Amino acid sequence: MVKLFHNVTQPGNATAMDLTVSGLTMQSNLSGVHAKLINNVTVLDFGIEFDPEDVNRVFVSGRLSVLFVLPSNVNMTFKALTTTIQFDILFDGGIRMARMNLTDLPVQHNQTTNVITIGFEKQELVVLNKTAFEEFAVNLVLTSNVTMAIDGTTTAVAQTAIGNLTLIQIPVSDTVSLNGYNQFDGGLLKIDNIDIDKSLSNHSLILRVKTEITNPSVVNIINGGRLLLDLCDMHRGTSLGLVTIDPFVLAPQGTPTIVIAEGLVNMTNNNTEVLREFISKMVSGLGTDVELRGTLEDNSTGTDIPYLVLAISGLRIHTTVQGLVGNSSLVQELLVKHLTAAEIAGITIGLVKMLSARIRIVNPFNASLIIHGIDVKVYYGPKVDDSLQVGLVHDQTPIRVGPYEQLISPYVNVTIAAKLTTLATLIVPLLEGNARLSLYGVISFTIGDEFVLNQIPVTLLDIPTKQEPKSEQEIIF
């Protein structure tokens with residue numbers, strides 16, 4: 001009910017209007033607004049942070065947008081200035097999972113579309129139901145979609161033609177659907193590079209694992225605590241080692257997250273064969289399909305955040321560890337010792353039985369390498385073809401290559417075991433500097449000071465090969 005009345009202009013100074021309506025009052029009932037004013041609640045960005053000092057406390061920051069719609073019978077121009085929102089987040093059939101209070105926040109109001117955008121920094125998310133929050137995390141991490149509801153009220157200050165109005169207790173109620181991480185399936189997590197940092201012992205290596213993660217969701221992780229993942233061969237399920245990300249972060253949607261994780265590889269009786277195969281494929285430039293598991297080899301779960309235990313325990317990320325290729329390839333080039341005219345003629349008719357060559361080697365790792373055994377067959381061409389075998393290398397001379405170092409080895413002998421037709425075909429591109437050779441066999445090497453790997457199978461294809469200049473000093477690094 002409202003009451004309308006007229007005040008005298010000034011006491012003792014009555015006008016004709018004052019005398020006419022003096023003492024006149026009217027009252028009437030005005031119907032309230034029953035329409036839903038807040039519609040289309042959209043989460044634009046939602047960052048979650050677990051307190052490192054108290055992992056049971058959760059903070060969030062982000063941006064929301066809503067559509068503010070006045071009833072058709074209300075014609076008023078307004079601009080929203082600030083808002084205060086109190087709302088609960090409901091999950092799993094209406095269970096009140098968490099509560100937020102956002103106070104006196106400035107807003108951006110598009111007066112053409114009446115979309116209002118609200119941004120907020122680090123506000124506490126009060127967890128009301130631990131089980132519901134854990135299930136929410138499971139859906140977010142392991143599935144492609146998670147749905148929740150928002151229920152609460154807002155108070156807003158709006159600028160109008162007659163001044164600022166405060167609109168109180170406006171109901172806010174909507175259902176919000178978000179993309180989940182879906183275990184980062186479909187190539188959303190890529191291992192770009194594995195660097196061997198150092199050896200700890202004759203059976204342990206420390207790795208640095210460079211990973212790129214693409215976030216498919218508006219929910220990002222500002223601090224997800226420590227995350228441990230079991231690195232397993234995907235096809236055999238055998239554990240190769242442990243990957244630690246501390247803290248786990250995930251950038252907002254559309255921004256790649258580059259993570260440098262620490263890895264620990266332990267060679268055991270259970271994984272020796274698989275680990276040797278893994279290293280063999282890496283050196284050969286081949287990828288290995290792996291699975292990163294949230295449940296560790298000892299059946300513990302790789303998180304220190306209680307709310308995330310269920311989600312991480314079910315996590316299975318499929319990706320590929322790429323082999324050493326391009327500038328990271330172990331063997332960059334083969335350099336055949338300069339041939340005299342007599343040697344060239346002798347090769348083509350089968351009189352020359354031995355060639356000398358050097359190897360341009362790159363160590364792509366932070367740990368030093370010592371190559372102490374090379375037993376390989378040499379083939380002409382970009383692939384292994386028994387009909388195009390050139391010769392054999394059997395060399396036990398230690399070659400030490402420092403961290404990230406490139407060097408040219410001492411000469412190794414290549415025992416010729418080729419058909420005359422192969423030698424005749426090889427000699428021209430060799431002299432022109434554009435021959436390609438491939439190697440197949442085994443090498444033995446030590447990583448760091450202690451981690452020894454003997455007789456590791458390798459296949460190194462399509463290696464640039466040329467004749468050395470007359471003088472060694474002419475070789476260009």
Side-chain angles (χ1 to χ4, degrees), residues 36-51 55-69 83-103 105 107 115-154 170-185 188 215-225 248 250-254 303 305-315:
K36 185 179 180 181
L37 302 182
I38 303 291
N39 296 271
N40 297 354
V41 177
T42 302
V43 179
L44 303 174
D45 181 35
F46 199 74
I48 299 177
E49 178 178 359
F50 295 92
D51 190 334
V55 293
N56 290 307
R57 293 188 72 189
V58 187
F59 295 89
V60 293
S61 59
R63 291 184 306 130
L64 307 173
S65 73
V66 300
L67 177 64
F68 192 94
V69 180
T83 187
T84 294
I85 310 174
Q86 299 89 29
F87 64 88
D88 290 349
I89 300 175
L90 285 67
F91 184 73
D92 194 20
I95 298 173
R96 293 189 180 271
M97 177 182 77
R99 178 169 294 157
M100 284 192 67
N101 292 295
L102 305 176
T103 305
L105 297 177
V107 301
V115 172
I116 297 172
T117 304
I118 307 138
F120 56 95
E121 299 290 335
K122 196 173 181 177
Q123 302 288 329
E124 184 162 12
L125 182 72
V126 180
V127 176
L128 304 176
N129 188 297
K130 179 177 181 292
T131 301
F133 192 89
E134 290 173 347
E135 289 295 334
F136 168 81
V138 167
N139 278 261
L140 175 66
V141 173
L142 303 184
T143 72
S144 59
N145 184 269
V146 57
T147 300
M148 61 184 186
I150 290 177
D151 181 52
T153 60
T154 180
I170 304 171
V172 179
S173 180
D174 207 349
T175 299
V176 178
S177 183
L178 308 173
N179 287 338
Y181 301 149
N182 199 25
Q183 307 198 63
F184 303 102
D185 202 10
L188 294 178
N215 184 0
S217 174
V218 295
V219 182
N220 60 83
I221 306 297
I222 299 170
N223 187 336
F248 175 66
L250 189 60
Q253 189 175 30
T303 179
I305 306 297
Y307 289 132
L308 299 181
V309 169
L310 278 179
I312 300 303
S313 66
L315 185 60

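Hydrogens, waters and symmetry mates are skipped; everything else that's a heavy atom, side chains included, is used. Residues: numbered from 1 along the sequence shown. These numbers come from a predicted model, not from an experiment.
The one candidate from Leu128, Val138, Val127 that meets the side-chain contact (heavy atoms from CB on, under 4.5 Å) condition with Phe133 is Val127. Looking at Ile222, Leu125, Leu102 one by one, the single match for side-chain contact (heavy atoms from CB on, under 4.5 Å) with Val60 turns out to be Leu125. Exactly one of Thr153, Leu64, Ile38 qualifies for a side-chain contact (heavy atoms from CB on, under 4.5 Å) with Val172. That residue is Ile38.
For the residue pair Asn101 / Thr103, no side-chain donor-acceptor distance below 3.5 Å is found, with atom types taken as modelled. Asn220 and Asp45 are linked by a side-chain donor-acceptor pair at a separation below 3.5 angstrom, with hydrogens and angles left out of the test.
Across all their heavy atoms, Leu105 and Gly119 have their closest contact at CD1-O, 3.9 Å. Scanning both residues, Gly224 and Leu308, for their nearest heavy atoms gives O-CD1, 4.1 Å. The two residues Ser177 and Thr147 have their closest heavy-atom pair at OG-OG1, 3.9 Å. Residues Val176 and Val41 come closest through the heavy atom pair CG2-O, 3.8 Å. Pairing each heavy atom of Gly180 with each of Pro216, the nearest pair is O-CG, 3.5 Å. Leu142 and Ala311 get closest at one heavy-atom pair: CD2-O, 3.6 Å.
In this structure, the side chains of Gln183 and Leu315 come closer than 4.5 Å at one or more pairs of heavy atoms. Side-chain contact between Phe248 and Ile305 is absent, with no heavy-atom pair separated by less than 4.5 Å. At least one side-chain heavy atom of Ile170 sits less than 4.5 Å from a side-chain heavy atom of Phe68. Contact annotation: the side chain of Val218 never approaches that of Leu44 to less than 4.5 Å [non-hydrogen atoms, C-beta and beyond].
A distance of 12.0 Å separates CD of Glu49 from CD of Gln123, quoted to the nearest 0.5 Å. Here the straight-line distance linking atom OG of Ser65 with atom CD1 of Ile116 works out to 10.0 Å at 0.5 Å rounding. Annotation: the span from Glu121 atom CD to Arg63 atom CZ amounts to 11.0 Å, rounded to 0.5 Å. A distance of 4.5 Å separates CE in Met148 from CG in Leu178, rounded to the nearest 0.5 Å. Atom-to-atom distance recorded for Ser61:OG and Lys122:NZ is 9.0 Å, nearest 0.5 angstrom.
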Derivation and outcome, side-chain contact (heavy atoms from CB on, under 4.5 Å), residues Leu310 and Glu135: CA-CA 8 Å; Leu310 278 179; Glu135 289 295 334; 4.1 Å; yes

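The backbone N or O of Thr84 lies less than 3.5 Å from a partner atom in the side chain of Thr154, making a donor-acceptor pair. In terms of modelled atom types and a separation under 3.5 Å, the side chain of Asn182 and the main chain of Phe184 share no donor-acceptor contact. Of the possible donor and acceptor atoms, one in the side chain of Tyr181 sits under 3.5 Å from a partner among the backbone N and O of Val219. Looking at Asn215, its side chain does come within 3.5 Å of a backbone N or O of Ala251 through a donor-acceptor pair.
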Contacts table for residues 85-96: side-chain donor-acceptor under 3.5 angstrom, sequence neighbours left out:
{"unit_1": "Asp88", "atom_1": "OD1", "unit_2": "Arg99", "atom_2": "NE", "d": "2.6"}
{"unit_1": "Asp88", "atom_1": "OD2", "unit_2": "Arg96", "atom_2": "NH1", "d": "2.9"}
{"unit_1": "Asp88", "atom_1": "OD2", "unit_2": "Arg99", "atom_2": "NH2", "d": "3.1"}
{"unit_1": "Arg96", "atom_1": "NH1", "unit_2": "Asp151", "atom_2": "OD2", "d": "3.4"}
{"unit_1": "Arg96", "atom_1": "NH2", "unit_2": "Asp151", "atom_2": "OD2", "d": "2.9"}

